[in-house]
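Reviewing the structure listed below.
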Amino acid sequence: MYNEKVNISSESVRNAAKEAIARRGVLISDIAEIVFEMQYPYSNGLTLAHCIQSVERVLNKREVQHAILVGVELDELAEKGMLSQPLQQLIESDESLFGIDETLAIGSVLTYGSIAMTTYGHLDKQKIGIIKKLDTRDGTGVHTFLDDLIASIAASASSRLAHRIRDVEETGESIAGRDKV
C-alpha cells in the first residue's frame, strides 16, 4: 500500500498548507504586514494588497507547501508529546543548536534568490510581527518550525515583490494604482 503512487492535486496540497498555518493562528495578512514593513522603504506606492498578493503567490509553490505541512505537523506532534526522545525535547524546547527548523525554512527560501535569503536571515534574527509572537515561549504552543516558516514565506514574498516592482519601474511606470504586481 505504501508503494502505491497516488497523485495529490496541487489544490489539495495548497489548501492543506494554508489551513495548517491558519490553524496555528497565522493569517495571510499577518505575513503580508511583515512583507510591507520590509519593502515599503524601497517601493513607492506599495500597498498591503500587493503584499497579500505576493504572499498568496509564494504559498502556491509546492516546496513552500511541503515545508509548511512537515513543519506544522512536527510542531503539533511535539505539543501532544507524541515524538520520541530526544527529538520531543529538542522541538518542544526549540533547542538553539537544533537548526533543522531553519534548514527546512531555508530550503523553501532558496527558490527566491539572494534577496530572500538575506531577508530571511534578518527576519530570523529580528523576529518582526507575528514571527516574534510565534517565537515567544509562553507555554501556549510549540512553534519551533512555524516561526521560521513564516519568516521564510515573508522573505520570499518580499523578494518576489522587489523583483516585480523593479520590472514595472524599468518600464517607466510605478506600482501605485496597480492592482497586481
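Computation of the quantities below employed the complete heavy-atom set of this structure, encompassing side-chain atoms and omitting hydrogens, waters and symmetry-equivalent molecules. Just so it is clear, the model here is predicted, and its values are computed rather than measured.
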*Applying ring pair (Phe, Tyr, Trp, His ring centres under 6.0 Å), name anything that partners Tyr40, two or more places apart in sequence or on another chain.*
Phe36
*Return yes when atom CZ of Arg14 has more than 12 non-hydrogen atoms of other residues, nucleotides or ligands closer than 6.0 Å, and no otherwise.*
yes
*Near Asn15 CG, under 6.0 Å, is it more than 12 heavy atoms from other residues, nucleotides or ligands?*
yes
*Taking only residues two or more places apart in sequence or in another chain, which ones pass salt bridge (Lys or Arg N to Asp or Glu O under 4.0 Å) with Glu79?*
Arg24
Test of understanding: clusters of I, L, V, M, F, W, Y form through side-chain heavy atoms closer than 4.5 Å, transitively. Do [X] and [Y] belong to the same one?
X     : Y      : result
Val35 : Leu46  : yes
Met38 : Met117 : no
Leu59 : Val109 : no

*asked:* If the condition is side-chain hydrogen bond (donor to acceptor under 3.5 Å, both in side chains), which residues does Lys133 pass it with, not counting sequence neighbours?
replied: none
Less than 4.5 Å apart, any side-chain heavy atom of [X] and any of [Y]?
X      : Y      : value
Ile150 : Leu123 : no
Thr136 : His143 : no
Ile68  : Gln65  : no
Glu173 : Arg178 : yes
Cys51  : Leu161 : yes

Taking [Y]'s backbone N and O only, do any of them form a donor-acceptor pair with [X]'s side chain (distance below 3.5 Å, no angle check)?
X      : Y      : value
Ser159 : Ser156 : no
Asp135 : Asp147 : no
Ser54  : His50  : no
Glu95  : Leu97  : yes
Asp30  : Leu27  : yes

Measuring from [X]:[atom1] to [Y]:[atom2], what's the distance to the nearest 0.5 Å?
X      : Y      : atom1 : atom2 : result
Ile31  : Ser158 : CD1   : OG    : 11.0 Å
Ile106 : Asp148 : CD1   : CG    : 8.5 Å
Lys127 : Lys125 : NZ    : NZ    : 7.5 Å
Glu170 : Ile165 : CD    : CD1   : 12.5 Å
Leu146 : Asp101 : CG    : CG    : 11.0 Å
Thr144 : Ile100 : OG1   : CD1   : 12.0 Å

Could you list the donor-acceptor pairs under 3.5 angstrom formed between side-chain atoms of residues 6-13 and any protein atom two or more places apart in sequence or on another chain?
unit_1, atom_1, unit_2, atom_2, d
Ser9, OG, Ser12, N, 3.0
Ser9, OG, Ser12, OG, 3.1
Ser10, OG, Arg62, NH2, 3.0
Ser12, OG, Ser9, O, 2.9

*Inter- and intrachain pairs under ring-ring contact (aromatic ring centres under 6.0 Å, His included), touching residues 94-130, at least two apart*: none
*Quick one: do Val64 and Leu149 satisfy side chain to side chain contact (heavy atoms under 4.5 Å, CB included)? Show the steps, please.*
CA-CA 8 Å; Val64 174; Leu149 290 167; over 6 Å; no
*Any side-chain donor-acceptor pair under 3.5 Å between Ser152 and Ser108?*
yes
_Identified salt bridge (Lys or Arg N to Asp or Glu O under 4.0 Å) counterpart of Glu56 within the set Arg160, Lys18, Lys180_ = Lys18
*Mind checking side chain to side chain contact (heavy atoms under 4.5 Å, CB included) for Gln88 and listing every partner two or more places apart, or none if nothing turns up?*
Ala78, Leu83, Gln85, Glu92
*Please lay out, stage by stage, how Val142 and Glu76 fare under the test side chain to side chain contact (heavy atoms under 4.5 Å, CB included).*
CA-CA 7 Å; Val142 174; Glu76 290 176 335; over 6 Å; no
_Nearest heavy-atom neighbours spanning Ser174 and Asn44_ = OG-O, 3.7 Å
